[in-house]
Amino acid sequence: MDPPFRQGKEYKFFDDNQPEDKYWAWLGEVLSHIRRITVDGGAVYFMHREKNAERVLRLLREGGWAFQSLIIWKKRTSAVPCQHRYSKQYQIIAFATKGEKARVFNKLRIDLPVRPEYKAQRANGVYVTDVWDDIRELTSGYFAGDEAIRTPTDQRAHTQQSPVALLLRIILTSALPGDTVLDPFAGTGTTLVVARQLKRNSIGIEIDPDYAKIVQMRVKCPRASDSVMRYYQYYRYTEHLNTAWGVEEGAVIAESVGV
């Protein structure tokens, strides 16, 4: 769940300048509807600005969700300097469940590069923690690469497009092949693109018809830059990875690239 952040951006079909109380009440309603249709033990991932962590956690608690983790997604681009406080360089992703225990939680292990001060290589990677500093964002042009959807004039079609690597980690962790994943703010459809490759069912909701066309295009005509298989080797130390990934046990996947 990655809604507009109420930052005064110009959306065609959404008022990003609405009063604060109205905005958070609306998100509370969205969470309520999501919880109503979520299976027991199902998960929600709620992304927002770091300064709104308190409001996000309050909405989840008041809505009956069980808080599990507050994920820090550290951005790789340079932080914008601030005059009177530390510069921000991360977003939060609140992970909560319907009920006290997650129905699905695949403990992922990643082949994280060894830090310079370490004396030895790792034998089998490390578990994913609540700090994600290995996934590059797409919100800065020259870091976006081929994955960013662009207009015919080479402009970003959506300035907040989520990277494939981010949704891959979320879906791999909290869903199994055959499960259904819901994205109430589909945007350019990264959730649906990833879910389809991992053999999960998916439902995306998007009010902007231009973005909806992009979603349909990405699902119908897969791009090489949207492939999740380039990350398979990065997760190769995960127990029962093929089962979680949705490929046959014993299959050998050779393609790999860093996250």
Discussion item. Hydrogens and angles aside, do Thr190 and Arg218 bring a side-chain donor and acceptor to less than 3.5 Å of each other?
Written reply: yes
Discussion item. Can you tell me how far apart OG1 (Thr191) and CG (Leu168) are? Round to the nearest 0.5 Å.
Written reply: 11.5 Å
Fill in: Donor-acceptor contact present, side-chain Lys98 to main-chain Gly42, <3.5 Å
no
Fill in: For the student: nearest non-hydrogen atoms of Ala53 and Ile92, plus distance
CA-CD1, 3.4 Å
Practice prompt. Compute the ring centroids of Tyr45 and Trp73, then answer whether they are less than 6.0 Å apart.
Written response: no
Fill in: Under 3.5 Å: donor-acceptor pair, side chain of Ser174, backbone of Ala43
no
Worksheet item: Taking Asp15 for the side chain and Asn17 for the main chain, is one N or O donor matched with an acceptor at less than 3.5 Å?
Response: yes
Item to complete: Please answer whether the main-chain N or O of Trp24 pairs with a side-chain N or O of Arg55 as donor and acceptor at a distance below 3.5 Å.
Response: no
Worksheet, complete the sentence: From the list Ile170, Ile93, Val131, side-chain contact (heavy atoms from CB on, under 4.5 Å) with Ile71 holds only for Ile93
Discussion item. Give me the atom names and distance for the closest heavy-atom approach of Lys101 to Gln68.
Written reply: N-NE2, 4.5 Å
Worksheet entry | Counterpart residues, side chain to side chain contact (heavy atoms under 4.5 Å, CB included), relative to Arg109 (two or more places apart) | Asn124, Tyr127, Tyr237, Thr238
Fill in: Check: Arg122 side chain, Leu112 main-chain N or O, donor-acceptor pair, under 3.5 Å
yes
Worksheet entry | Residue that, paired with Asp179, satisfies side chain to side chain donor-acceptor pair (under 3.5 Å) out of Lys199, Arg103, Arg200 | Arg103
Worksheet item: Does Glu206 reach the main-chain N or O of Gly189 with its side chain, forming a donor-acceptor pair under 3.5 Å?
Response: no
Discussion item. Looking at Arg169, is its backbone amide N or carbonyl O close enough to the side chain of Tyr231 to form a donor-acceptor pair, meaning the two atoms are under 3.5 Å apart?
Written reply: no
Fill in: Residue among Phe67, Phe105, Phe46, Trp65 satisfying side-chain contact (heavy atoms from CB on, under 4.5 Å) with Phe95
Phe105
Worksheet item: Any idea which heavy atoms bring Ala96 and Leu60 closest together, and the distance?
Response: CB-CD1, 4.2 Å
